[in-house]
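Protein chains get the first letters and strands the later ones, always in sequence-line order, with residue 1 at the start of each.
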2 protein chains.
Amino acid sequence: MVNKLHHSSNCADCNCKASIFKNLSPFEISLINSSRFKVSYKAGEIIFKQGTPSPYFVCVTSGLAKIYIEGYGKNLILALIKPVDYIFGPGIYVDNRHYYSASAVEDCQACLVDVNIFKKLIRENADFAEEFIKRVSLQSIFNFDQVISLTQKQMHGRIADVLFYLSDKIYCQNPFELTISRQDLADLSGMSKESAIRILKEFKEEGILTLAGNALEILNPKQLRQISETG
Amino acid sequence: MVNKLHHSSNCADCNCKASIFKNLSPFEISLINSSRFKVSYKAGEIIFKQGTPSPYFVCVTSGLAKIYIEGYGKNLILALIKPVDYIFGPGIYVDNRHYYSASAVEDCQACLVDVNIFKKLIRENADFAEEFIKRVSLQSIFNFDQVISLTQKQMHGRIADVLFYLSDKIYCQNPFELTISRQDLADLSGMSKESAIRILKEFKEEGILTLAGNALEILNPKQLRQISETG
DNA sequence: TACATAAATTGATATAAAACAATTTTTCCG
DNA sequence: CGGAAAAATTGTTTTATATCAATTTATGTA
């Protein structure tokens, strides 16, 4: 999806703003704008760290980021965050701490907004609150699918799931340029980096996909779907 | 925890009501009461089924229930539900469908409340909405810990986690009567029933716990904690 | 453009856990 | 109380995946 994003100096004019804000009035938008920090991150940089305080709501306006739990010597990537989407950790309503980390996969830009402004708007605008709860619910549902994939499918099924996620939800095209590393692919599918590489090679050898460097094309989505569904 | 629960014929008088309702006015409580169905379930009965519509918010007032995802030939138990707690699936705000099933582990009773009443109260009572979002957030955090346990720990660590969950959060005592089946223990810790039984046996042989029938006592919580923490 | 470093890949071995089958114990119902 | 069915347990084999090490390829910087 070649979507030329351009940024404005304020939220009202910005056509990068996340669709969650569609229910906000111009005044409410100006409240957000008044507390907004616009920041750039280079690929590899940490946006926030698990365990640290979470005073900001993060809106990714360009590039690609990942949110991941730092577990027992390895990471589990919960999701990739593409523009324009936001990161709102559950710690905001619990104890103001981050329960996962976020970092830039590609160079990206983000707007950071004071969470208290956000919570105030949730309290005062019922449509906004409902939209927010809906999105939290969608995230839960996505996580359910993810945990079932991780715990009940074998490696081929898990890689198939991740390839569809990347093609349909992140890059939104086929073929696509795989901008995440092999390690990140492994961290998304809950396996070692070597295993992930081996499965990709097998899929290539079986003609399910092509992979040259980072250029990947799914050639046989039907077969890949079958692999996804049988685990 | 020997907590003698008794039921009243209405929500206002009921001292079984879930603490999430503490922010509701008597009038709001009466709205809930006006749409309440009180139902009994025998052990093993389905409370609701994954994939079906979800018109009710379920408040478990006695007994024990489980919520679980029916995956690829096996179940993954997300949580046990003890009194007084409620079950509010994410499908309520997405498409009115259940994304997991619930069933009674022990004989239990539940009050079913029209979700539209619930959503109306969320729209109209900002304190109630905030409390609700906080609890959804706590569930997310719990699920994060669960998925890390399931994907990054070996079986001993996972059983240790589940034993602490049962002792600290469900039965709230040590020793306790293990009222869930071996299969359920396995479904909570993402392993086969035979593996779960073997690990319990090993912990018994190592003096970490005693287990006679369903009477279980954790003898060495420090060592069990270490097993949990190292995976 | 060359070189150093990082990432990707490949090969071989070890370990963790599932699967399968059989036996024993417990529970529940008539 | 007895018997059938279900649950729990045990033993053995198979399968899935990680781990470890070495090699090759790609990237980035000087």
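- In this structure, B:F48 and B:Y100 have tilted ring planes: the angle between them lies in the 30° to 60° band.
- To the nearest angstrom, P of D:dA16 lies 16 Å from CD of A:Q152.
- Distance CG (A:D187) to P (D:dT17): 16 Å, rounded to an integer number of Å.
- Taking the six-membered ring for Trp and thresholds of 30 and 60 degrees, B:Y93 and B:F88 have ring planes inclined between 30 and 60 degrees apart.
- Each of A:H156 and B:L211 was assigned the nucleotide of DNA chain D with the nearest heavy atom; the assignment lying further toward the 5' end belongs to B:L211.
- In this structure, A:S195 reaches the D:dA18 phosphate: one of its side-chain N or O atoms is under 4.0 Å from OP1 or OP2.
- Here the side chain of A:E194 is nearest to one of D:dC20, D:dT9, C:dA17, namely D:dC20.
- Atom NZ of A:K193 is separated from atom P of C:dT9 by 10 Å (rounded to the nearest Å).
- Spacing between atom CD of A:E202 and atom P of D:dA16 amounts to 11 Å, rounded to whole angstrom units.
- Nearest-nucleotide positions on DNA chain C for B:N214 and B:K74 put B:K74 closer to the 5' end.
- Of the side-chain N and O atoms in B:S192, none sit less than 4.0 angstrom from OP1 or OP2 of C:dA17.
- Between the side chain of B:S101 and the main chain of B:Q50, a donor-acceptor pair closer than 3.5 Å is present.
- Atom pair A:R198:CZ and D:dT19:C1' shows a separation of 10 Å (rounding to whole Å applied).
- Under a 3.5 Å cut-off, the side chain of B:K66 and the backbone N or O of B:V105 do not form any donor-acceptor pair.
- With distances taken from any side-chain atom of A:K201 to the nucleotides D:dT9, C:dT10, D:dT10, the minimum falls on C:dT10.
- In terms of position along DNA chain D, the nucleotide closest to B:Q183 lies nearer the 5' end than the nucleotide closest to the other residue of the pair A:A196 and B:Q183.
- Both A:Q154 and A:G213 sit near DNA chain C, but only A:G213 has its closest nucleotide nearer the 5' end.
- In this structure, A:I197 atom CD1 and D:dA18 atom P are separated by 12 Å, rounded to whole Å.
- Each of A:T179, A:L166, A:D184 was checked for a side-chain contact (heavy atoms from CB on, under 4.5 Å) with A:L80, and the lone residue meeting it is A:L166.
- Atom pair B:L200:CG and D:dA7:P shows a separation of 17 Å (rounding to whole Å applied).
- In this structure, B:D184 places its CG atom 14 Å from C1' of D:dA6, rounding to the nearest Å.
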